[in-house]
Visitor: 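My questions all concern the structure below.
Atoms within a ligand are numbered from 1 in the order they appear, just like the ligands themselves.
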Amino acid sequence: MTLDAVLTRIDIDLPASLDRLLDLLRIPSISTDPAYKADCDRAADWLVADLAGLGFTASKRPTSGHPMVVAHIGDAGPHLMFYGHYDVQPVDPVDLWTRDPFAPQIEETAKAKVIRGRGAADDKGQLMTFLEACRAWKATHGALPGRITVFLEGEEESGSPSLIPFLKDNADELKADIALICDTGLFADRVPAIVTRLRGLLGEEITIEGPTKDLHSGMYGGVAMNPIRVLTRILASLHDDDGRVTIPGFYDGVPEIPDTLKAAWDGLNFDHCAFLGDVGLSHLAGEAGRTALEQIWSRPTCEINGIEGGYTGDGFKTVLPSKAHAKVSFRLVGQQDPHAIRESFRTMVQSMLPADCTASFTPHGASPAGQMDTSGPAFEKARQALSEEWGVDAAYTGCGGSIPIAGYFKTYLDMDAMLIGFGRDDDQIHSPNEKYDVECFHKGTRSWARILAALT
Ligand code: BES
Ligand code: MN
Ligand code: MN
């Protein structure tokens with residue numbers, strides 16, 4: 001009965017909730033680009049003010065990078081932490097957007113009503129689902145249930161450089177009974193999910209240098225080693241014909257998933273043809289003989305994310321460049337050791353260098369894979385709450401993306417994390433025209449109200 005009142009309140013308040021989200025989306029809090037430092041600060045201020053308005057003791061906490069937002073409310077009962085991130089990805093290529101990424105709007109598309117703008121789904125729209133659930137609860141009951149700590153980060157999209165020191169320095173303040181992380185997606189359009197396994201992430205930037213200066217390819221071509229030729233040969237050798245990664249020791253610590261889990265995933269009837277079809281593809285390109293879900297949730301990968309060198313402008317230039325450059329990342333699973341893989345990758349690159357060429361490396365993050373312990377009662381309670389809201393059983397799933405903080409909560413705060421989010425596969429996170437469906441925002445908010453009721 002009381003929960004019904006909160007849900008009704010959420011329904012009535014939806015237009016105002018959307019207005020608040022649009023307001024937050026107007027702040028271009030791009031964490032990786034120093035030009036937006038003041039905007040990141042402004043997004044933190046906005047959230048502190050909003051949380052304070054809900055009765056939280058809220059503060060902006062400086063770090064050597066962008067500030068954290070920490071807020072507390074309540075003094076008795078179960079203690080829940082909620083985590084989200086207020087920073088967003090850069091918007092480029094900006095000419096592919098159908099609107100200004102920071103002038104968000106509600107749009108009616110053929111498929112759904114959507115909130116369009118950078119950060120709509122990753123992660124401002126998602127974090128606001130929790131705050132809106134709190135708002136409706138407060139409006140209905142005059143107070144929030146249990147004890148709640150809200151912890152919002154502004155550096156997630158740039159590798160969370162301040163996070164571990166902050167967790168260590170504020171462990172007593174931040175530790176709760178369990179963390180709720182809203183930064184993942186639904187399993188299918190109307191099937192909610194609790195993510196129980198996340199992949200790790202390792203990034204490497206590599207520069208191959210040859211001649212001391214750019215050369216005329218007619219005068220020097222053939223006799224002088226071309227760094228792009230070296231780089232592409234190395235990159236091409238990272239996978240074999242079966243889609244496996246060739247770096248020595250890469251598969252150390254990669255477990256085969258048990259048959260029972262394989263059967264459970266098969267039972268989810270994931271439609272990989274539709275998944276690929278939505279992006280104009282039809283064939284699985286990963287490790288031969290493995291299903292799409294198995295690949296995304298349980299297998300490691302190596303991807304070349306960017307490549308640069310020589311003349312790439314309009315027209316044509318017969319240059320033999322002095323340098324070539326690539327960004328490579330690895331998604332990790334099981335017990336794979338990011339540092340060991342980094343070393344092995346560098347050794348392999350070094351071993352493939354011809355005379356007169358050198359390689360240099362810049363590291364970008366190294367987080368291991370994570371697996372949640374779902375044995376605590378909170379998981380089943382939350383699963384039931386989600387199932388009630390969506391009218392179908394919520395699934396325990398994996399996630400191909402990386403959210404290293406889930407593991408850090410365990411390591412530094414000894415706190416389990418439950419990952420529940422409402423994004424859809426076609427949200428275009430990190431890409432032009434990011435959106436979040438109004439339905440996901442609305443039902444996500446309702447889901448949190450139910451989960452709060454179930455856990456407190
Ligand atoms: N919210 C995403 C993680 C995610 C991606 C969840 C896809 C569900 C589906 C998160 O903000 C993110 O982008 N993580 C980065 C890693 C981070 C260290 C930059 C990623 O997965 O590439
Ligand atoms: Mn995110
Ligand atoms: Mn992201």
Side-chain angles (χ1 to χ4, degrees), residues 24-25 29-33 43 65-66 82-91 101 117-130 151-164 179-188 192-205 270 275 278-279 292-293 295-297 300-306 327-333 338 363-370 372 395 397-408 417-432 434-436 440 444:
L24 178 61
L25 289 172
S29 46
I30 303 172
S31 59
T32 198
D33 186 340
H66 303 302
F82 176 82
Y83 166 89
H85 63 90
Y86 68 78
D87 63 322
V88 302
Q89 284 277 330
V91 297
R118 174 55 90 225
D122 191 11
D123 184 41
K124 288 171 174 171
Q126 300 239 75
L127 77 84
M128 286 306 288
T129 57
F130 188 82
F151 177 41
L152 306 173
E153 191 193 356
E155 299 186 314
E156 197 274 344
E157 300 291 10
S158 41
S160 305
S162 309
L163 188 66
I164 292 175
L180 306 171
I181 300 181
C182 191
D183 197 22
T184 50
L186 299 167
F187 171 66
I194 300 179
V195 166
T196 65
R197 32 165 79 224
L198 290 160
R199 290 197 291 188
L201 184 60
L202 168 68
E204 277 283 270
E205 220 172 309
F270 181 70
F275 182 69
D278 281 347
V279 294
L293 277 193
Q295 289 183 29
I296 300 167
W297 292 351
T301 59
C302 163
E303 288 301 331
I304 301 151
N305 303 116
K327 293 179 198 279
V328 180
S329 67
F330 303 90
R331 297 282 169 178
L332 309 178
V333 304
H364 284 278
S367 61
M372 311 307 129
T397 68
C399 174
S402 303
I403 303 177
I405 191 160
Y408 300 152
M418 190 147 61
L419 292 127
I420 297 173
F422 309 100
R424 285 181 171 150
D425 287 341
D426 65 355
D427 283 346
Q428 292 173 256
I429 61 171
H430 294 205
S431 294
E434 178 177 351
K435 59 89 176 163
Y436 195 43
C440 294

Visitor: Does any part of the side chain of Leu186, heavy atoms only, come nearer than 4.5 Å to the side chain of Cys440, both counted from C-beta?
Guide: yes
Visitor: Less than 4.5 Å apart, side chain to side chain, heavy atoms only: is that true for Arg331 and Ser402?
Guide: yes
Visitor: If I consider every N, O or S atom in Asp122, which one ends up closest to the Mn ion (ligand 2)? I only need its name.
Guide: OD1
Visitor: What part of Leu201 sits under 4.0 Å from ligand 1 if we count only heavy atoms: the side chain, the backbone, both or neither?
Guide: side chain
Visitor: Less than 4.0 Å is my threshold; does some heavy atom of His430 fall inside it relative to ligand 1?
Guide: yes
Visitor: Measuring from non-hydrogen atoms of Asp122 to any atom of ligand 1, is the shortest distance under 4.0 Å?
Guide: yes
Visitor: Give the residue, atom name and distance (to 0.1 Å) of the protein heavy atom nearest atom 7 (C) of ligand 1.
Guide: Ile429 CD1, 3.8 Å
Visitor: Does ligand 1 come near enough to Gln89 that some N or O of the ligand is less than 3.5 Å from an N or O of the residue?
Guide: no
Visitor: Restricting to N, O or S atoms of Glu157, which is nearest to the Mn ion (ligand 3)?
Guide: OE2
Visitor: Numbering the atoms of ligand 1 from 1, which are under 4.0 Å from a heavy atom of His85?
Guide: 11 (O)
Visitor: Of Cys399, Ser160, Gly401, which has the heavy atom at the shortest distance from atom 8 (C) of ligand 1?
Guide: Cys399
Visitor: Does any non-hydrogen side-chain atom of Met128 lie less than 4.5 Å from one of Tyr436?
Guide: no
Visitor: When you measure from the side chain of Arg197 to the backbone N and O of Gly400, does any donor-acceptor pair fall under 3.5 Å?
Guide: no
Visitor: Given side chains that start at C-beta, do those of Gln89 and Arg118 come closer than 4.5 Å, heavy atoms only?
Guide: yes
Visitor: Given that the side chain starts at C-beta and the backbone is N, CA, C, O, which of these parts of Gln126 lies under 4.0 Å from ligand 1, counting heavy atoms, or is it both or neither?
Guide: neither
Visitor: Nearest protein heavy atom to atom 15 (C) of ligand 1, by residue and atom, and its distance?
Guide: Ser402 O, 3.8 Å
Visitor: Of the protein's non-hydrogen atoms, which lies at the shortest distance from atom 4 (C) of ligand 1, and what is that distance?
Guide: Asp183 O, 4.0 Å
Visitor: Check whether any N, O or S atom of His430, backbone or side chain, sits closer than 2.8 Å to the Mn ion (ligand 3).
Guide: yes
Visitor: Of the choices Glu157, Glu155, Arg331, which has the non-hydrogen atom that lies closest to atom 20 (C) of ligand 1?
Guide: Arg331
Visitor: For residues Asp183 and Asp122, determine if any side-chain heavy atom of one lies less than 4.5 Å from a side-chain heavy atom of the other.
Guide: yes
Visitor: Write the atom name of the N, O or S atom in Asp183 that is nearest the Mn ion (ligand 2).
Guide: OD1
Visitor: Can you measure from CG (Leu332) to CG (Leu202) and round to the nearest 0.5 angstrom?
Guide: 6.0 Å
Visitor: Would Thr184 count as being in polar contact with ligand 1, using the rule that some N or O on each side must be under 3.5 angstrom apart?
Guide: no
Visitor: Judging by distance only, is a nitrogen or oxygen of Ser158 under 3.5 angstrom from one on ligand 1?
Guide: no
Visitor: With side chains defined as the heavy atoms from C-beta onward, is the minimum distance between Thr301 and Arg199 less than 4.5 Å?
Guide: yes
Visitor: What residue and atom, counting heavy atoms only, is the protein's closest point to atom 11 (O) of ligand 1, and at what distance?
Guide: Glu156 OE1, 2.8 Å
Visitor: Taking Ser29 as the fixed residue, which of Lys124, His66, His85 is the one that meets the side chain to side chain donor-acceptor pair (under 3.5 Å) rule?
Guide: Lys124
Visitor: Assign the ring pair Phe270 / Phe187 to parallel, tilted or perpendicular, where the plane angle (0 to 90°) is split at 30° and 60°.
Guide: tilted
Visitor: Under the criterion side-chain contact (heavy atoms from CB on, under 4.5 Å), which of Leu201, Leu419, Asp123, Val195 is the partner of Ile403?
Guide: Leu419
